[in-house]
Amino acid sequence: MVRTRFAPSPTGYLHIGGVRTALFNWLYARKHGGQFILRIDDTDQNRNVDSALQPILDGFRWLGIDWDEGPEVGGDCAPYFQSQRSDQYQRAVETLLEKGLAYRDYSRTEEVQAEREVAQSAGTSYLYSRNWMAETDAQAAAYEAEGRVAVVRLKMPREGTCLIPDLIRGDVEFQWASEQDMVIQKSNGSCLYHLASVVDDAAFAITHVIRAEEHLSNTPRQIFIAQGLGYDLPQYAHLPYVAEPGSKNKLSKRKIAKYLKNPDFLKLYEHGSRIATTCGNELDPETFNPVLVDFYRDIGFLPNAIVNYLLLLGWSLDGETEDFTRDEMIRAFSLERVVKSPASFDPTKLTAFQQRAMDQLDLKQKTAQSLPYLQQAGFIDTPPNCDTAPYVNSIITASEQRMTVAGDILDYAHFFTDDNALVYDDKSFSKRISNANGAVELLRDFANTLAAIESYNAASVEGAMRQFIADRELKFGQVVQPVRVAITGKPAGFGLFDTLAILGQQRCLNRIERAISLVPISPDNDSA
RNA sequence: GGCCCCUUCGUCUAGUGGCCUAGGACUCCGGCUUUUCACGCCGGCAACAGGGGUUCGAGUCCCCUAGGGGUCACCA
């Protein structure tokens, strides 16, 4: 039975790189009919675990990455919080101590630090002297009499090699002699990550440890612990990390300011900001960050787009296939095809996946996705009244493939504002209306034509406009442009006939009239 | 700095010795379509880090160099 796990620490947010690691674990478990376990690494926790964990669990649920055991679902290996498993770690420490594989160490932090500095300035690699190691109770008592407090350190071998068979990288060798005597239990009695992680992996019967490559170099000490405790070793698979856009540095939540200098990243961020701001949300720098999953959920990305993109970030089936359903990716996934080198996160390509995922949605789904944004922005009632859905449907239908994320519905704010509150884009207004020769007269003239239409719809509006143009021997653009600006306030948008039809006859007339009234009267304005 | 990992178009990648004149995708650039903006369609630019081997033949195997990255906590 394959059992994989992802072990987030409750930090309050879900990092995009973490999601990918979790995804690969999940995929591997699903592929092999195994189980995926979520374990919470809160061994070093002073924070509020509950509130810091919830966003992470919500994020996974939203993405459709479900766990068979863990917080909120329980399981045979409970508890799944490391903070509640300290007795097990304590027993492991004692076993290691008894076997002579660990020792109580009474050095003070400054003393070890000093040794380290000596080694550093000498340019040699550092190894703890074990000068304050206590292997007997008598030694311990003597140190304690000096007021010293013990930590427990691993007594690492100082010769031989450690071979890590890695499913992605092949065999990787480390020299035991270059491994530090890691502290596994702090002076305050709490146990550290490496110990806890190994104990739990064994307790949970994890068969495959699939994690980011930054853990590769600390695998030897984990193997040492596992072997010392008599555990069967899991299979290891070290994934390359997710890198910054356009670089090979590890993607980090904290470097957002730097990433914003990248044009693609900035574009995504601004796109998101526009939506969030229209919704009246404050841009909380702690969560409104394209390195975090919440960002995407907030602006209307689809889970499948993110998962599909992340799947291809460091894995490929054949170099051709790009679109996968969940079932397809589960069937196709394999660790053998994980790429060894780090992959940089490309906001533009993620957006392309999102665009495709959005295009695959049917009208009903798109509307359902969009409604919450209109509500948040206060454009429609909550709950929506019965006319709303059909109205939004017509907008989305007319928009064709212009919406990339659900929040883009807010680009069509002009369908929801009062006629006398429509905001005009200054540049377009002056270019197409106030400074365009004859535009005002033309609008007035066209308003009459519009008013005369009896059966008002996109087709009849189009017929009327074409006739209007033909009668006056105008160019299409001469009419379309000022009308568009007059009724939408914007220079660009979807089909004008659809726009006129959706808005309805009276509202269009109101808007044209208002646009005319807003033209400043000046002597050199010959259109007045 | 020690140790470890990595290195094909700008980016994600295909490639497991001849099918490679190095393929696909995203981006970008042209063109078509067009009522604007998108979509769509057609076309284009663009890569094997460098040097040595091995071989009839190397992106593919070996070695070296260079570059990039990760890790070296009483963090996870």
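We name chains A, B, ... by the order of the sequence lines, and we start the count at 1 in each one.
The side chain to side chain contact (heavy atoms under 4.5 Å, CB included) search around A:Ala515 returns A:Tyr424, A:Phe429, A:Ile433, A:Ala486, not counting sequence neighbours.
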Exercise. Quick one: what's the B/S/- string for nucleotides 41-49 of chain B, heavy-atom cutoff under 4.0 Å, read 5' to 3'?
Worked result: ---------

Seminar exercise, completed: Quick tally for nucleotides 35-40 of chain B: nucleotides whose base has a protein heavy atom under 4.0 Å get B, sugar-phosphate-only ones S, the rest -, giving BBBBS-

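Distance from the side chain of A:Asp41 is smallest for B:A76 among the nucleotides B:C6, B:A76, B:C75. Here B:C74 is the nucleotide among B:U7, B:G23, B:C74 with the atom lying nearest to any side-chain atom of A:Val151. Listed candidates were B:C5, B:G24, B:C74. Nearest to the side chain of A:Ser187 is B:C74. The A:Ser9 side chain lies nearest to B:A76 when the options are B:C5, B:A76, B:C26. Set against B:C4, B:C6, B:G23, the side chain of A:Val172 has B:C4 as its closest nucleotide.
The shortest distance between the side-chain N/O atoms of A:Ser344 and the OP1/OP2 oxygens of B:C12 is below 4.0 Å. Of the side-chain N and O atoms in A:Arg116, one or more sit less than 4.0 angstrom from OP1 or OP2 of B:A73. Taking side-chain N and O atoms only, A:Thr43 has a distance below 4.0 Å to OP1 or OP2 of B:A76.
Near-neighbour residues of RNA chain B inside residues 213-222 of chain A, defined by a heavy atom below 4.0 Å, number-ordered: A:Glu213, A:Glu214, A:His215, A:Leu216, A:Ser217, A:Asn218. Of the residues in residues 242-255 of chain A, A:Lys248, A:Asn249, A:Lys250 come within less than 4.0 Å of RNA chain B through at least one heavy atom, sorted by number.
Checking B:C4 for Watson-Crick or G-U wobble geometry (two distances, each under 3.5 Å) identifies B:G69 as its partner.
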Show me the donor-acceptor pairs within less than 3.5 Å that the side chains of residues 461-470 of chain A make with the rest of the protein, sequence neighbours left out.
{"residue": "A:Glu462", "atom": "OE2", "partner": "A:Arg466", "partner atom": "NE", "Å": "2.9"}
{"residue": "A:Glu462", "atom": "OE2", "partner": "A:Arg466", "partner atom": "NH2", "Å": "2.8"}
{"residue": "A:Gln467", "atom": "NE2", "partner": "A:Asp471", "partner atom": "OD1", "Å": "2.8"}

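Because its glycosidic torsion is within 90° of 0, B:C39 is reported here as syn.
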